[in-house]
Amino acid sequence: MNIEFHHICIETDDYKESLAFYTKAMGFHILEEKRDFHGRDFNTWIRNGSVIIELQTPKIAGKELPSLGNRGIRHV
C-alpha cells in the first residue's frame, strides 16, 4: 500500500526566517507567493522534489478570525 499526500501546511510567526531556511538551507524553490491571502500577510507554496510545503503567516486579527497559537503544522 502506497500512501501519498499533496502538501504540508506550516504556519510561522517569522516568515522571512522560515522562507530563508527552506529555500537556502533545505533547497526548496518558490512555486507561488501571495500577499494578503485570506487575512494572512503571506501564503507561499514551495517545493523540493516531490515535497510541497504551504508556508503561511498567522491570520491577522480584524481581517478574519485570527489564528490562536496554532504555529507549526496546520494540515497535511
Side-chain angles (χ1 to χ4, degrees):
M1 180 170 156
N2 239 358
I3 297 176
E4 295 182 22
F5 60 91
H6 182 262
H7 71 279
I8 298 171
C9 179
I10 300 174
E11 186 171 291
T12 178
D13 283 323
D14 195 333
Y15 175 76
K16 288 182 181 181
E17 182 179 325
S18 295
L19 187 60
F21 170 75
Y22 286 110
T23 57
K24 294 178 182 173
M26 300 297 291
F28 282 77
H29 65 275
I30 296 173
L31 297 173
E32 183 176 13
E33 182 178 53
K34 290 186 177 182
R35 292 178 179 244
D36 197 26
F37 182 79
H38 294 288
R40 301 176 189 283
D41 284 334
F42 288 96
N43 191 80
T44 301
W45 293 82
I46 56 178
R47 177 182 212 139
N48 185 342
S50 64
V51 178
I52 300 173
I53 295 175
E54 177 186 7
L55 187 64
Q56 62 186 24
T57 55
K59 288 185 178 178
I60 301 166
K63 288 191 174 183
E64 290 188 12
L65 294 176
S67 301
L68 302 172
N70 293 321
R71 306 311 181 260
I73 295 176
R74 295 295 306 247
H75 63 262
V76 177

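Just so it is clear, the structure is predicted and the values come from calculations on it, not from any experiment.
Put simply, the residue from I53, I10, V51, I52 that forms a side-chain contact (heavy atoms from CB on, under 4.5 Å) with I46 is I53.
Tracing side-chain contacts under 4.5 Å through hydrophobic residues (I, L, V, M, F, W, Y), one reaches I8 starting from Y22; they form part of the same cluster. Residues I30 and F21 share a hydrophobic cluster, clusters being chains of Ile/Leu/Val/Met/Phe/Trp/Tyr side chains in contact below 4.5 Å. Cluster membership for V76 and L31, using ILVMFWY side-chain heavy atoms within less than 4.5 angstrom, is not shared.
When the side-chain hydrogen bond (donor to acceptor under 3.5 Å, both in side chains) test is applied to Y15, the partners found at least two apart in sequence or on another chain are E33, T44. For E32, the salt bridge (charged side-chain N to carboxylate O under 4.0 Å, His left out) test picks out K34, with sequence neighbours left out. In this structure, the side-chain contact (heavy atoms from CB on, under 4.5 Å) partners of D14, at least two apart in sequence or on a different chain, are T12, K16, E17. Contacts of H75 classified as side-chain hydrogen bond (donor to acceptor under 3.5 Å, both in side chains), with partners at least two apart in sequence or in another chain: H7, E54.
Distance check: H38 NE2 to N43 CG gives 8.0 Å after rounding to the nearest 0.5 Å.
At least one donor-acceptor pair under 3.5 Å links the side chain of T57 to the backbone N or O of F42. Without hydrogens or angle criteria, R47 side chain to G49 main chain gives a donor-acceptor distance under 3.5 Å.
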